[in-house]
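No experiment lies behind these values; they were computed from the predicted model shown.
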Amino acid sequence: RSHIPLSGRNPALQEALGIRPHVLVLNKMDLADPRRQPVSAGAGPGGGSGGVTGAGCSLSSSVPVPLQVVPMVARLVADGPRYHRAESSEHNILVIGVPNAGKSSLINSLRRLHLKKGKATAVGGEPGITKAVLSRIQVCEKPLMYLVDTPGVLPPRLGDVETGMKLALCGAIRDHLVGEDVMADYLLYTLNKQQQFRYVQRYGLGQPCDHIEPLLKHVALSQGRTQKVKVLTGTGNVNVMMLNYPAAAYEFLRDFRAGRLGRVTLD
């Protein structure tokens with residue numbers, strides 16, 4: 001994803017690819033900071049939803065990026081002499097990446113563009129929707145091309161805590177495994193560091209804040225995130241309405257992922 005063009009790349013997959021023809025696709029570029037897109041390891045301008053780069057191939061600025069994926073893949077395979085051994089002219093392409101990177105969405109998008117067909121593989125806003133390697137899915141007639149959807153793969157050990165936080169913010173790791181409050185705190189730190197202060201206006205704050213507690217309080221108040229809590233008193237149990245801070249943290253994360261806090265690149 002364009003939020004994490006560097007942290008979102010699995011080093012083990014990069015090593016496995018080696019000299020094999022491959023294309024790096026960065027989706028959701030409409031949510032990434034355009035001022036920081038050169039960090040995306042050579043990916044071309046998105047022009048909307050994604051950026052693409054392939055070894056030895058360049059993008060055309062006059063053609064929408066999604067329409068360039070299939071021709072680029074076909075060109076890369078055709079230029080590799082070791083891939084002309086089979087009699088069949090069809091292309092079988094594996095789609096790999098970290099969880100929740102948009103692999104299934106890419107397949108469905110290419111299928112819509114080239115075949116005018118509907119969704120062929122399930123998608124969702126959390127990791128783990130694709131649980132096994134699926135059967136081949138045709139995405140183009142000329143050239144005849146099939147893509148294979150795969151589950152997201154993370155490295156066995158992340159390089160550092162910050163990389164893990166970036167992956168979690170983008171949904172590659174389930175929220176509850178890290179903690180919504182911890183993720184919200186890191187997100188606030190990142191927004192302030194990059195001087196992305198749209199959250200101030202969205203949640204009715206007077207000014208940017210350095211601490212997560214007052215921000216979550218404003219989020220809970222503005223979004224109506226409250227919960228009933230039973231309090232034991234001398235006269236019996238009393239239900240008290242209190243602010244739901246975990247729900248406010250989750251709302252803060254959702255706003256970031258939907259682009260409502262501005263265009264942000266974490267790397």
Side-chain angles (χ1 to χ4, degrees), residues 1-5 7-8 27-33 49 97-105 122-131 151-154 158 160-231 239-267:
R1 315 172 52 126
S2 296
H3 279 312
I4 45 174
S7 302
N27 67 347
K28 298 186 182 296
M29 287 190 74
D30 53 326
L31 300 181
D33 187 347
S49 62
V98 299
N100 204 27
K103 299 180 290 297
S104 301
S105 297
V123 299
E126 59 182 36
I129 298 298
T130 305
K131 300 185 184 300
V153 180
L154 285 171
L158 299 176
D160 54 74
V161 173
E162 194 164 10
T163 298
M165 294 301 298
K166 292 174 182 178
L167 288 167
L169 283 177
C170 292
I173 302 173
R174 291 186 181 274
D175 293 346
H176 72 273
L177 296 177
V178 180
E180 288 89 345
D181 54 339
V182 177
M183 293 166 58
D185 196 10
Y186 178 77
L187 175 58
L188 177 61
Y189 159 78
T190 302
L191 294 176
N192 287 338
K193 183 180 179 181
Q194 297 187 14
Q195 297 187 335
Q196 297 268 11
F197 298 130
R198 188 178 293 188
Y199 71 87
V200 175
Q201 178 183 1
R202 176 162 182 81
Y203 302 128
L205 298 167
Q207 60 184 7
C209 57
D210 292 327
H211 301 288
I212 192 63
E213 291 82 5
L215 172 64
L216 294 183
K217 180 178 180 180
H218 276 82
V219 173
L221 289 172
S222 63
Q223 304 293 330
R225 301 298 177 183
T226 59
Q227 60 183 344
K228 284 185 178 180
V229 177
K230 189 173 292 187
V231 177
N239 289 327
V240 178
M241 295 298 294
M242 297 184 66
L243 297 178
N244 190 338
Y245 284 92
Y250 179 66
E251 192 71 26
F252 186 40
L253 298 175
R254 281 186 58 190
D255 283 345
F256 161 71
R257 290 164 179 166
R260 291 189 283 267
L261 303 181
R263 300 180 64 177
V264 182
T265 298
L266 299 175
D267 284 333

J.: If you apply the rule side-chain contact (heavy atoms from CB on, under 4.5 Å), what do you find for Tyr203 with Leu261, and how did you get there?
T.: CA-CA 10 Å; Tyr203 302 128; Leu261 303 181; 3.8 Å; yes

J.: What closest approach, in Å, do Gly259 and Arg198 show between heavy atoms, and which atom pair accounts for it?
T.: O-NH1, 4.2 Å

J.: I'd like to know if the side chain of Asn100 reaches the main chain of Ile173, judged simply by a donor and an acceptor atom lying under 3.5 Å from each other, with no hydrogens or angles considered.
T.: no

J.: Would you give the length of the straight line joining atom NE2 of His211 to atom CG of Leu215, rounded to the nearest 0.5 angstrom?
T.: 12.0 Å

J.: Could you give the side-chain donor-acceptor pairs of residues 178-191 under 3.5 Å, partners two or more places apart or in another chain?
T.:
from	atom 1	to	atom 2	distance (Å)
Tyr186	OH	Glu162	OE2	2.9
Thr190	OG1	Tyr186	O	3.0

J.: Say whether, by atom type as modelled, one donor and one acceptor occur between the side chain of Thr265 and the main chain of Ala32 under 3.5 angstrom.
T.: no

J.: How long is the span from the OG1 atom in Thr163 to the CG atom in Leu266, to the nearest 0.5 Å?
T.: 11.0 Å

J.: How close do Asp175 and Ala168 get, heavy atom to heavy atom, and via which atoms?
T.: OD1-O, 4.0 Å

J.: Can you tell me how far apart OG (Ser7) and CG (Asp160) are? Round to the nearest 0.5 Å.
T.: 7.5 Å

J.: Please report the closest heavy-atom contact between Gly8 and Leu167, naming both atoms and the distance.
T.: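 That closest heavy-atom pairing would be CA-CD2, 4.1 Å.
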
J.: Closest heavy-atom contact between Cys209 and Asn192?
T.: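 Smallest heavy-atom distance, with atoms named: O-ND2, 2.9 Å.
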
J.: For Ala220 versus Leu243, what's the shortest heavy-atom pair and its separation?
T.: CB-CD2, 4.0 Å

J.: With rounding to the nearest 0.5 Å, note down the distance linking NE2 in His218 to OH in Tyr199.
T.: 11.5 Å

J.: Measuring from atom CG of Asn244 to atom CD of Glu251, what distance do you get when rounded to the nearest 0.5 angstrom?
T.: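 Here the interatomic distance stands at 11.0 Å.
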
J.: Donor-acceptor check, side chain of Gln196 to backbone of Arg263, threshold 3.5 angstrom: yes or no?
T.: yes

J.: Drop me the distance from Tyr245's OH to Arg225's CZ, to the nearest 0.5 angstrom.
T.: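 Rounded to the nearest 0.5 Å, the OH-CZ separation comes to 15.0 Å.
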
J.: Evaluate the side-chain contact (heavy atoms from CB on, under 4.5 Å) criterion for residues Val264 and Leu31: first the C-alpha distance (whole Å), next the side-chain angles of each, then the deciding distance (0.1 Å), finally the verdict.
T.: CA-CA 6 Å; Val264 182; Leu31 300 181; over 6 Å; no

